[in-house]
Novice: 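My questions all concern the structure below.
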Number of protein chains: 2
Amino acid sequence: MNAPVSTPTSAPALTKNQSLVFDVLDRADAPMSAYTILDRLRDHGFRAPLQVYRALDKLLEFGMVHRLESLNAFVACAHPESECCGKGHGHGHGTVAFAICESCGHVSEFHDHEVDHRLGAWAKAKNFKPAKTTIEIRGLCGACAA
Amino acid sequence: MNAPVSTPTSAPALTKNQSLVFDVLDRADAPMSAYTILDRLRDHGFRAPLQVYRALDKLLEFGMVHRLESLNAFVACAHPESECCGKGHGHGHGTVAFAICESCGHVSEFHDHEVDHRLGAWAKAKNFKPAKTTIEIRGLCGACAA
DNA sequence: TGACACACGTTATAGCATAACGCAATTGAT
DNA sequence: ATCAATTGCGTTATGCTATAACGTGTGTCA
Ligand SMILES: [Zn+2]
Ligand SMILES: [Zn+2]
Ligand SMILES: [Zn+2]
Ligand SMILES: [Zn+2]
């Protein structure tokens, strides 16, 4: 009864908890911390942080959610469809960058092939094997900077 | 008696606590968390996290220390001398990237002008005003990947 | 049927960071 | 000299973020 429920869609089947967490993030207009997500889901039976973290771990693994390291918070994936660096595992995409507005909280997710390339070139030259790359720009969005 | 002690060098004068914290980081061969720094300085009279965090805040402000967001840890600045993007406030440098070995903890700090340029161009196009940019590559260094 | 994998729930604990108070020393007017 | 503003410091308490360790239930597949 706790197994994932398969759906007619292409995305990986999500369990109930994973769906609840993803829906909260997908509807949010700013990054959310795990504990904020927890509070939003108290009415759906969530009682402990682990319920959130376990769902987040899976959603991160599926590539449906991103963690913003500079905020200790999470966002639903909203990367543009440009699959130029897709890695082929279904939804997958290459390294992505985030622009985070410190005033309104809005996050823009984008991919820049040249940035990826330059960082990859540095790694290759130094014989460094990248596993995960974080790029986050904090600042003010166009609307808030005006 | 708590005022900074001026020195014949060019760097900003550091207070006793700031010097102690910087020395610990400068001698370390891997990033250190604030609490680890605290433990190293118990013998020098440190008793509370705030003593560390306040020193770190100043050192970050001076550009002598960097925070690694993906690790919640700190490193002494070790950027190469290339001052191509120096901002002129003494030691200052432009956006810097970190390659962090998940096996041995070694951190390489580097600057890539083209990456800076591309991220700046994106920001300009989107009318986003960057305040601080984080670039961190987690992976395995040459020595550990062998 | 039994071994296994996986999602789940709960309690406790670990690790990271700041709020709020008050004191001491320095600085730089007036 | 004296006062006000600033800065650094020390302490206590608190809050936020994340994981360890345990046990349960359920579906899968020899
Ligand atoms: Zn994405
Ligand atoms: Zn904004
Ligand atoms: Zn540096
Ligand atoms: Zn290494």
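Chain A is the first sequence line, chain B the second, and so forth, proteins listed ahead of strands; every chain is numbered from 1.
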Novice: With rounding to the nearest 0.5 Å, note down the distance linking CZ in B/R118 to NE2 in A/H117.
Specialist: 11.0 Å
Novice: Starting at CG of A/L41 and ending at C1' of C/dG9, how long is that distance when rounded to a whole Å?
Specialist: 15 Å
Novice: D/dT7 C1' sits how many Å from B/L59 CG, rounded?
Specialist: 15 Å
Novice: By a strict heavy-atom criterion of less than 4.0 Å, which residues belonging to residues 21-31 of chain B are in contact with DNA chain D?
Specialist: none
Novice: Can you say whether the rings of A/Y53 and A/F74 are parallel (under 30°), tilted (30 to 60°) or perpendicular (over 60°)?
Specialist: perpendicular
Novice: What is the distance from CD1 of B/I37 to C1' of C/dG15, rounded to the nearest Å?
Specialist: 14 Å
Novice: Considering only residues two or more places apart or on different chains, which pairs with a residue in residues 33-48 of chain B satisfy salt bridge (charged side-chain N to carboxylate O under 4.0 Å, His left out)?
Specialist: B/D39-B/R42
Novice: Closest heavy-atom contact between B/L38 and B/P49?
Specialist: CD2-N, 3.9 Å
Novice: Measuring from the side chain of B/A48 (C-beta onward, heavy atoms only), which nucleotide among D/dT12, D/dC9, C/dA7 has the closest atom?
Specialist: D/dT12
Novice: How would nucleotides 13-22 of chain D be written as a contact map, 5' to 3', with B for base contact, S for sugar-phosphate-only contact and - for no contact, using protein heavy atoms under 4.0 Å?
Specialist: ----BBBBB-
Novice: Nearest-Å distance, CG (B/L38) to P (C/dT18)?
Specialist: 15 Å
Novice: Using whole Å, report how far NZ of A/K58 lies from P of C/dA5.
Specialist: 13 Å
Novice: Does anything in residues 97-105 of chain B come within less than 4.0 Å of DNA chain C? Heavy atoms only, and list the residues if so.
Specialist: none
Novice: Could I get the full list of side chain to side chain contact (heavy atoms under 4.5 Å, CB included) partners for A/A30, not counting sequence neighbours?
Specialist: none
Novice: Considering just the side-chain nitrogens and oxygens of A/K16, establish if one lies under 4.0 Å of OP1 or OP2 belonging to C/dC8.
Specialist: no
Novice: Is there a side-chain contact between B/T15 and the phosphate of D/dC9, meaning an N or O under 4.0 Å from OP1 or OP2?
Specialist: yes
Novice: Does B/V96 reach the side chain of B/F110, with side-chain heavy atoms less than 4.5 Å apart?
Specialist: no
Novice: Could you check whether any side-chain heavy atom of B/I100 comes within less than 4.5 Å of a side-chain heavy atom of B/S70, counting everything from C-beta outward?
Specialist: yes
Novice: Using the test side-chain hydrogen bond (donor to acceptor under 3.5 Å, both in side chains), find all partners of A/R27 that sit at least two apart in sequence or belong to another chain.
Specialist: none
Novice: Kindly check if the number of other-residue, nucleotide or ligand heavy atoms within 6.0 Å of NZ (A/K132) is above 12?
Specialist: yes
Novice: Report yes if a side-chain nitrogen or oxygen of B/Q51 is closer than 4.0 Å to either non-bridging phosphate oxygen (OP1 or OP2) of D/dC9; otherwise report no.
Specialist: no
Novice: Please report the distance, rounded to the nearest Å, between CG in B/L14 and C1' in D/dC9.
Specialist: 16 Å
Novice: Check whether any side-chain heavy atom of B/V65 sits under 4.5 Å from a side-chain heavy atom of B/F22, and report yes or no.
Specialist: yes
Novice: Give the intermediate values and the outcome of side-chain hydrogen bond (donor to acceptor under 3.5 Å, both in side chains) for residues B/E69 and B/T134.
Specialist: CA-CA 8 Å; B/E69 302 288 353; B/T134 297; 4.6 Å; no
